[in-house]
Amino acid sequence: MGIARVRLATWNINSIRARIHLIQQLAREAAPDVICLQETKVEDALFPREAMAEIGYPHQAIFGMRAYHGVAILSKLPLEKIEGHHWCGKDDTRHQSVVLPNGIEVHNLYIPAGGDEPDPAVNDKFAHKLDFFREQTDWWGRQSDGRRILVGDLNVAPLETDVWSHKKLLKIVSHTPIEVEHYEAMRAAHGWVDAVRHFVDPDEKLYSWWSYRARDWRAADKGRRLDHVWVTPNLTDSLAAATVLKDARGWEKASDHAPILVDFRD
DNA sequence: ATGGTCGATATTCGA
């Protein structure tokens with residue numbers, strides 16, 4: 001059985017409550033069937049469930065906490081086996097999974113950003129980021145074969161073309177060699193395929209995040225590809241398209257991340 | 001070398 005004409009989006013929304021209008025705009029302009037969000041920044045009781053249901057997403061998996069992190073999946077399709085997962089001995093909310101009606105398992109992740117100093121000996125946040133990758137790598141290595149999609153803000157730009165300047169960012173958190181090694185180990189542990197680079201040539205620059213601090217983000221174009229969509233190899237034939245919706249970075253009161261859209265065919 | 005901007009929350013932290 002295929003994954004008939006499903007459109008999936010992943011987006012670090014940087015506060016769901018501050019950006020309900022952006023979800024509405026995404027629904028109008030791209031109409032994804034499933035929207036995976038990161039950095040919802042709200043405890044579950046205060047999540048805008050009704051507003052999301054009103055624009056066509058009655059099925060919701062919400063795994064959040066006060067002020068920080070938080071993931072959510074909004075869907076036109078029913079969601080089953082909704083689970084939240086904890087990592088590194090913390091009770092924060094960075095990983096959830098659901099199963100779609102076609103049996104495909106979707107994992108939605110927000111990997112720790114890692115702070116500013118890329119040294120685990122002096123920066124606990126960076127140590128946490130590396131630990132998180134190691135635990136994920138071990139876990140995915142132990143999972144049986146299945147039909148799975150993993151999306152989210154992985155906070156690593158792995159390729160030279162995933163950043164505006166490979167040379168200038170080699171010591172900047174998100175593009176250091178040790179992070180890229182950890183990212184690659186996690187990817188390889190389950191044979192994940194990068195669905196976006198499946199369509200966009202690795203020689204071509206591609207970003208999904210542009211800092212708020214740039215005077216003119218579009219003109220400067222100092223981006224990084226921090227957001228990813230991975231699929232198990234048995235789904236690569238079902239991939240129809242993958243794009244970064246760069247326009248959304250320029251929408252009113254934007255997130256600093258753009259959504260990624262991936263289409264699956266029959 | 002530095003500082004630039006957001007959101008949640010409380011006057012700072014994390015990104």
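Lettering follows sequence order; numbering is per chain, from 1. Note that the structure is a prediction, hence the values are computed from the model and not measured.
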Trainee: For A:N108 and A:Q96, which I'm curious about, is there any donor-acceptor pair between the side chains at under 3.5 Å?
Mentor: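 Result is yes, a qualifying pair exists.
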
Trainee: Any chance you could measure A:T10, atom OG1, to A:L109, atom CG, to the nearest 0.5 Å?
Mentor: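 Going from the OG1 atom of A:T10 to the CG atom of A:L109 covers 9.5 Å.
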
Trainee: Answer whether the closest heavy-atom distance between the side chains of A:F264 and A:I104 falls below 4.5 Å.
Mentor: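 No - every pair of side-chain heavy atoms lies 4.5 Å or more apart.
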
Trainee: Toward the 5' end of DNA chain B, which comes first, A:Y212 or A:K125, by nearest nucleotide?
Mentor: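 Final value for this comparison: A:Y212.
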
Trainee: I need the CD1-C1' distance between A:I20 and B:dG7, as an integer number of Å.
Mentor: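 Rounded to whole Å, this separation is 14 Å.
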
Trainee: Send over the distance from A:E117 CD to B:dG14 P, rounded to a whole Å.
Mentor: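 My rounded result for the distance is 16 Å.
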
Trainee: In terms of the nearest nucleotide of DNA chain B, which residue is placed more toward the 5' end: A:N12 or A:R19?
Mentor: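 It is A:R19, whose closest nucleotide lies nearer the 5' terminus.
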
Trainee: Please say whether the positively charged group of A:K76, taken as NZ for Lys or CZ for Arg, lies over the ring of A:Y57, i.e. under 6.0 angstrom from the six-membered ring centre and within 45 degrees of the axis.
Mentor: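 Cation-pi check for A:K76 and A:Y57: passes.
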
Trainee: Taking the same atom, P, in B:dC6 and in B:dT2, what whole-Å distance lies between them?
Mentor: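 Roughly 23 Å separates the two P atoms.
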
Trainee: Expressed in whole Å, how much space separates the P atoms belonging to B:dT5 and B:dT9?
Mentor: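 Taking atom P in both B:dT5 and B:dT9, they lie 22 Å apart.
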
Trainee: Quick one: which of B:dT9, B:dG7, B:dG4 gets closest to the side chain of A:A67?
Mentor: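 Of the candidates, B:dT9 comes closest.
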
Trainee: Under 4.0 Å between any heavy atoms, over every strand shown, what does A:K253 touch: base, sugar-phosphate, or nothing? Just pick one.
Mentor: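 Answer is sugar-phosphate: A:K253 comes under 4.0 Å of backbone atoms only.
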
Trainee: I need the CD-P distance between A:E39 and B:dG7, as an integer number of Å.
Mentor: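 After rounding, the reported distance stands at 12 Å.
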
Trainee: Just how far, in rounded Å, is P of B:dG4 from CG of A:D256?
Mentor: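 In whole Å, B:dG4 P and A:D256 CG are 17 Å from each other.
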
Trainee: Taking atom P in both B:dG7 and B:dG3, compute the distance separating them and give it to the nearest angstrom.
Mentor: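 Roughly 22 Å separates the two P atoms.
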
Trainee: Figure out the CG/C1' separation between A:D153 and B:dA15, and round it to whole Å.
Mentor: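 In whole Å, B:dA15 C1' and A:D153 CG are 10 Å from each other.
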
Trainee: Looking only at atom C1', what distance separates B:dG4 and B:dA15, rounded to whole Å?
Mentor: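 After rounding to an integer number of Å, I get 14 Å for this pair.
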
Trainee: Does A:R94 make a cation-pi contact with A:W87 (under 6.0 Å, within 45 degrees of the axis)?
Mentor: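 Relative to the ring axis of A:W87, which defines the angle, A:R94 lies outside at least one limit.
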
Trainee: Classify the nucleic acid contact of A:R17 as base, sugar-phosphate or nothing, counting any heavy atom under 4.0 Å across all strands shown.
Mentor: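 A:R17: backbone/sugar contact only, no base atoms under 4.0 Å.
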
Trainee: Which whole-number value in Å describes the distance from A:R66 CZ to B:dG7 C1'?
Mentor: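 So the two atoms are 13 Å apart, to the nearest Å.
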
Trainee: Rounded to the nearest angstrom, tell me the gap between atom CE in A:M65 and atom C1' in B:dA8.
Mentor: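 After rounding, the gap between these two atoms is 12 Å.
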
Trainee: In whole angstrom, give the distance that lies between atom CG of A:N155 and atom P of B:dA15.
Mentor: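 Distance, rounded to whole Å: 8 Å.
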
